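Data first, discussion second: the structure below is written as structure tokens.
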Amino acid sequence: MIDYIIVGFGLAGLSFVEELENNNKSYKVYEDNSQQSSRVAGGLYNPVILKRFTAAWLASEQLRVAVPFYKNIEAKLGISVVHKLPVLRRFNGVEEQNLWFEACDKPILSTFLSSELIRNKNQALDIPFHYGKVNNTGRIEVEKMLTSYSDYIEKKGCLIKESFEHNNLIIDSDYIEYNGIKARNIVFSEGFGVKNNPFFNQLPLQGNKGEYLIIKSKELKLDEAVKSSIFIIPLGDDLYKVGATYNNQDKTATTTDVAKEQIERKLEQFLKVTYEIVDQVAGIRPTTKDRRPLVGTHTEYKNLHIINGLGSRGILIGPFVAQKLYNQIEKTSLLEREIDIRRF
Ligand SMILES: Cc1cc2nc3c(=O)[nH]c(=O)nc-3n(C[C@H](O)[C@H](O)[C@H](O)COP(=O)(O)OP(=O)(O)OC[C@H]3O[C@@H](n4cnc5c(N)ncnc54)[C@H](O)[C@@H]3O)c2cc1C
């Protein structure tokens, strides 16, 4: 009998597995590569919603958990994936500058927003109304981290590269059994794939498709992430991730010409130099209507749990809610109602 089966190894699954590792629990992970959300993510962590200049939900608390969490993984796996990266918000006019300075005066935002107007020195970009700078921001190389962590758990014999078939799950009052593996608990962290999960697919997970272009530009020479109507995120070697789009209608995993044209149109409004598109990626963000995660235990089966609904902020929310779910299962701490699936 092992302690846990985990279904899905994106940011949610990885966050929960790290909790298990830190608490010496035994586990097996099923992963079938059917969803790409975490692997295509921009990787930014940023405590501010840059459309409205408001603080993201529980941003300070999440930053306190997430940054040391990723640094521990770096140390454990001997990799470098956590990078400080300034985020600059391009202002569209004087009105936005004023809104920014008003936001800087609010206690909840004063540590996150710099009250200095940053002037653009990069000739490749058109920034007539200057920038505002967000503090405490950075980038996680999510794909690299997931690949290294997968290798690590595969070497330990804990990774099963197969699709989990929900119909084959046997549920007993004290354990669950799947293909001959008995475990005390099972945690589903399937992202948008939860739509195929008969135990949890009644939860209101919506899904929002996002696409990025990866561009190469020798002339851009940008060291910060710039946010206008889209982000430009430097990846190194003259490569940049540009986007992302938001589409709540199309739930397919493939890249589209519509998204490509939309991103290019927005980019050309403020990029003045030439570039080459080297790749395009797409994934479905596991979003919810109330913008809060879906965490907790099945109402009927006490061994079945879920960690999902990380939306467009999985990097900060993942480690934070994984810790809460673990404490609920193992230490019977109560989950806050706003994240608990029982709110539905
Ligand atoms: C374009 C884009 C840009 C983004 N940028 C950012 C960003 O900059 N910062 C940020 O914080 N967040 C960002 N996000 C959001 C973030 O990526 C998500 O919140 C996060 O990926 C959700 O992680 P997850 O593990 O819940 O889902 P997923 O990453 O979808 O992981 C679920 C995993 O479960 C597996 N799976 C599903 N069903 C099964 C099954 N039956 N059997 C076996 N395996 C299964 C899938 O293959 C997948 O690996 C972005 C998302 C997108 C799409």
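Predicted model, so just to flag it, every value in this text is computed and none were measured. Counting starts at 1 for both ligands and their atoms, following the listed order.
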For atom 31 (O) of ligand 1, what's the nearest protein heavy-atom neighbour? Residue, atom name and distance, please.
Gly10 CA, 3.5 Å
Cluster question for you: counting only ILVMFWY and a side-chain heavy-atom cut-off of under 4.5 Å, with indirect links fine, are Ile214 and Tyr240 together?
no
Run the numbers for me: atoms of ligand 1, each under 4.0 Å from some heavy atom of Leu310, listed by number.
19 (O)
Flag the pair Lys25 and Glu19 as a salt bridge only when some basic side-chain nitrogen lies within less than 4.0 angstrom of an acidic carboxylate oxygen.
no
Quick one: look up the protein heavy atom nearest atom 26 (O) of ligand 1 and list residue, atom name and how far away it is.
Ala12 CB, 3.6 Å
Any idea which protein heavy atom is nearest atom 13 (C) of ligand 1, and the distance to it?
Ser312 O, 3.4 Å
Mode of Asn33 contact toward ligand 1 - side chain, backbone, both, neither (heavy atoms, under 4.0 Å):
backbone
With a sphere of 6.0 Å drawn around CZ of Arg343, does it hold more than 12 non-hydrogen atoms of other residues, nucleotides or ligands?
yes
Closest by any non-hydrogen atom to atom 27 (O) of ligand 1: pick that one out of Gly314, Gly191, Gly43, Gly309.
Gly191
Please work out whether any backbone atom (N, CA, C, O) or any side-chain heavy atom from C-beta onward of Pro286 is under 4.0 Å from ligand 1, and answer side chain, backbone, both or neither.
side chain
Which ligand 1 atoms, with their elements, are less than 4.0 angstrom from a heavy-atom of Gly210?
1 (C)
Can a donor-acceptor pair be found between the side chains of His166 and Glu190 at a distance below 3.5 Å?
yes
Nearest protein heavy atom with distance in Å, relative to atom 30 (O) of ligand 1
Gln35 CB, 3.3 Å
Ligand 1 N/O within reach of Leu11 N/O, cut-off under 3.5 Å
yes
I'd like to know if Glu162 contacts ligand 1, where contact means a heavy-atom distance under 4.0 Å to any ligand atom.
yes
Between Asp250 and Thr252: side-chain donor-acceptor atoms closer than 3.5 Å:
yes
With Lys71 via side-chain contact (heavy atoms from CB on, under 4.5 Å) - residues at least two apart:
Val67, Glu74, Val82
Have a look at ligand 1 and work out which part of Tyr45, if any, has a heavy atom under 4.0 Å from it: side chain, backbone, both or neither.
neither
Under 3.5 Å, side-chain donor or acceptor atoms of residues 312-324 against the rest of the protein: list the pairs with distances, not counting sequence neighbours.
| unit_1 | atom_1 | unit_2 | atom_2 | d |
| --- | --- | --- | --- | --- |
| Arg313 | NH1 | Asn46 | O | 2.6 |
| Arg313 | NH2 | Val48 | O | 3.1 |
| Lys324 | NZ | Glu336 | OE1 | 3.4 |
| Lys324 | NZ | Glu336 | OE2 | 3.0 |

With nothing but distance in play, are any N or O atoms of Gln36 less than 3.5 Å from an N or O of ligand 1?
no
May I ask you to decide whether Lys216 forms a salt bridge with Glu276, counting only side-chain N to carboxylate O separations under 4.0 Å?
no
I need the nearest protein heavy-atom contact for atom 42 (N) of ligand 1: residue, atom name and distance, please.
Phe164 N, 2.9 Å
For atom NZ of Lys156, decide whether the heavy atoms of other residues, nucleotides or ligands shown that lie under 6.0 angstrom number more than 12.
yes
Tyr30 ring center near Tyr178 ring center (under 6.0 Å):
yes
Centroid-centroid distance, Tyr4 to Tyr27, less than 6.0 Å
no
Would you please indicate yes or no on a ring centroid separation below 6.0 angstrom for His298 and Phe200?
yes
For Phe9, take its heavy atoms, then give the atoms of ligand 1 lying under 4.0 Å from any of them.
33 (C), 34 (O)
Asn308 side-chain N/O to Gly191 backbone N/O, donor-acceptor pair under 3.5 Å:
yes
closest protein heavy atom to atom 15 (C) of ligand 1 is Gly311 O, 3.2 Å
When you measure from atom 5 (N) of ligand 1 to every protein heavy atom, which one gives the shortest distance, and what is it?
Gly42 N, 3.1 Å
For Leu44, the atoms of ligand 1 under 4.0 Å from one of its heavy atoms are 7 (C), 8 (O), 9 (N), 10 (C), 11 (O)
What atoms of ligand 1 come within less than 4.0 Å of a heavy atom belonging to Gly8?
33 (C), 34 (O), 35 (C)
Under 4.0 Å from one or more heavy atoms of Ile315, ligand 1 contributes atoms 9 (N), 10 (C), 11 (O)
Under 4.0 Å to a heavy atom of Tyr30 - the qualifying atoms of ligand 1, by number:
43 (C), 44 (N)
Considering Asp32, Asn308, Asn196, which one's heavy-atom position lies nearest to atom 45 (C) of ligand 1?
Asp32
Please work out, at 4.0 Å between heavy atoms, whether the side chain, the backbone, both, or neither of Ser189 comes within that distance of ligand 1.
backbone
Tell me whether Glu219 is salt-bridged to Lys272, with the criterion being a basic N under 4.0 Å from an acidic carboxylate O.
no
Where is the nearest protein heavy atom to atom 21 (O) of ligand 1: which residue, which atom, and how far?
Ser38 OG, 2.7 Å
Between Glu224 and Lys133, is there a side-chain N and carboxylate O pair less than 4.0 Å apart?
no
Near Ser163, which atoms of ligand 1 are under 4.0 Å from a heavy atom of that residue?
42 (N)
Candidates Gln62, Lys195, Glu31, Arg285; heavy atom nearest atom 46 (C) of ligand 1 found on Glu31
